[in-house]
Each structure stands twice: as structure tokens, then as C-alpha cells.
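Below is one structure; the comments refer to it alone.
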Amino acid sequence: EEFKADPGFKDAYEAFDGDHENRAFLRWQKRVWSKLTRTPVEEINWDGQPVPMYSGLPYTWKAWHDSEDLRLVKERIRVGCSRFTNYLERSARNNQYLIFLWAEVFKHGQYQHSHWHTGASVTGFLPSCSSM
């Protein structure tokens with residue numbers, strides 16, 4: 001549906017190499033998260049690419065965002081980041097973080113390209129393997 005609404009993105013998607021599905025999936029997840037948290041999508045739009053919202057497309061993912069596992073991971077990240085920044089700043093304040101977690105799916109033989117997250121104090125990934 002998004003390709004119909006945005007032919008330019010369809011052309012770019014088809015020109016992407018190995019991880020084009022994840023780039024499209026990430027674009028959608030940014031919109032979902034932005035809508036859910038009422039945070040401007042520009043806060044997490046580190047690549048500068050447009051992240052439009054099209055009418056008629058669903059921008060919810062309850063199974064992911066309501067997951068107890070996701071809540072626990074976010075809390076562990078928040079605590080770890082707070083400990084790290086408090087150590088660096090030699091303080092004991094309760095830091096507030098904008099934590100955006102997203103999923104990526106790779107098929108056998110695919111990989112994640114080198115990339116960066118401009119403006120992010122902390123980035124990382126949590127790999128998970130499945131033999132589906």
C-alpha cells in the first residue's frame with residue numbers, strides 16, 4: 001500500500017541492496033512509534049529520509065509495543081544508560097532517555113550494513129536467532 005502512495009520510495013526501495021526490507025520496515029516502525037509516543041518523528045529520523053504518514057495504512061503494532069519483554073528490555077537499557085552517564089558526569093540524577101526500539105529481520109546470508117545514528121548518545125543491538 002505504501003508503494004502506491006509513494007512511488008519515489010518504491011523506486012528507492014527497489015534500488016536498495018540486501019537489507020531493503022528492513023529499511024522499509026524501519027520507516028514504518030518510526031511512524032508507529034512516533035504516533036504511539038506523540039514524539040515528532042524527526043527526533044528519530046537520523047538518516048534524513050522522509051517518513052510520511054499515509055491515510056488508510058495501519059500505524060499500530062500492539063503485539064510489539066504492549067510486550068512485557070519489550071518493556072523489560074527498555075527498562076534495562078534505561079538503567080544501563082543512566083548508570084553510564086551518571087558515571088561520566090559523576091552525578092546521581094535520574095536521566096530521561098528517548099528510547100526507540102525497532103525490529104529487523106534478516107534471512108540466511110543477509111547482514112546489516114555499517115551505519116550510524118546521528119545524535120544518539122547510545123546505540124546498540126540485541127541479536128536474536130531463530131530457526132523458523
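Numbering of residues begins at 1 and proceeds along the displayed sequence. Because only heavy atoms are used, hydrogens play no part in the values below, and waters and symmetry mates are left out as well, while side chains stay in.
Atom SG of Cys81 and atom CD of Gln96 lie 12.0 Å apart (nearest 0.5 Å). Here the CG atom belonging to Leu36 is positioned 8.5 Å from the NZ atom belonging to Lys62, to the nearest 0.5 angstrom. Between atom CH2 of residue Trp64 and atom CG of residue Leu101 there is a gap of 6.5 Å, rounded to the nearest 0.5 Å. Atom OG1 of residue Thr39 and atom CH2 of residue Trp33 lie 4.0 Å apart, to the nearest 0.5 angstrom. Here Gln29 contributes atom CD and Trp61 contributes atom CH2; the two are 4.5 Å apart, rounded to the nearest 0.5 Å.
Of the possible donor and acceptor atoms, one in the side chain of Ser67 sits under 3.5 Å from a partner among the backbone N and O of Asp69. In terms of modelled atom types and a separation under 3.5 Å, the side chain of Ser82 and the main chain of Arg78 share no donor-acceptor contact.
For the pair Ser34 and Pro40, the tightest heavy-atom approach, listed with the atom from each and the gap, is OG-C, 3.9 Å. Counting all heavy atoms, side chain and backbone alike, Leu70 lies closest to His65 at CD2-CA, 3.9 Å.
Between Val51 and Glu42 the shortest side-chain heavy-atom distance does not fall below 4.5 Å. Counting heavy atoms from C-beta on, the side chains of Arg31 and Pro52 never come closer than 4.5 Å. Here the side chains of Thr60 and Lys35 are in contact, with some heavy-atom distance below 4.5 Å.
Both Leu57 and Phe25 are part of a single hydrophobic cluster, where members link through side-chain heavy atoms under 4.5 Å apart. Using a 4.5 Å cut-off between side-chain heavy atoms of Ile, Leu, Val, Met, Phe, Trp and Tyr, with links allowed through other members, Val73 and Ile99 fall into the same hydrophobic cluster. Trp28 and Tyr54 fall within the same hydrophobic cluster, defined by Ile, Leu, Val, Met, Phe, Trp and Tyr side-chain heavy atoms under 4.5 Å apart, directly or through other members. Ile77 and Phe84 fall into different hydrophobic clusters, where Ile, Leu, Val, Met, Phe, Trp and Tyr side chains are chained together by heavy-atom contacts under 4.5 Å.
Below 30°, between 30° and 60°, or above 60°: for Trp102 and Phe100 the angle between ring planes is below 30°, a parallel geometry.
Residue pairs satisfying the salt bridge (Lys or Arg N to Asp or Glu O under 4.0 Å) criterion with at least one member in residues 81-91, sequence neighbours excluded, are listed as follows: Glu89-Arg93.
With 3.5 Å as the limit, one finds a donor-acceptor pair spanning the side chains of Thr85 and Tyr97.
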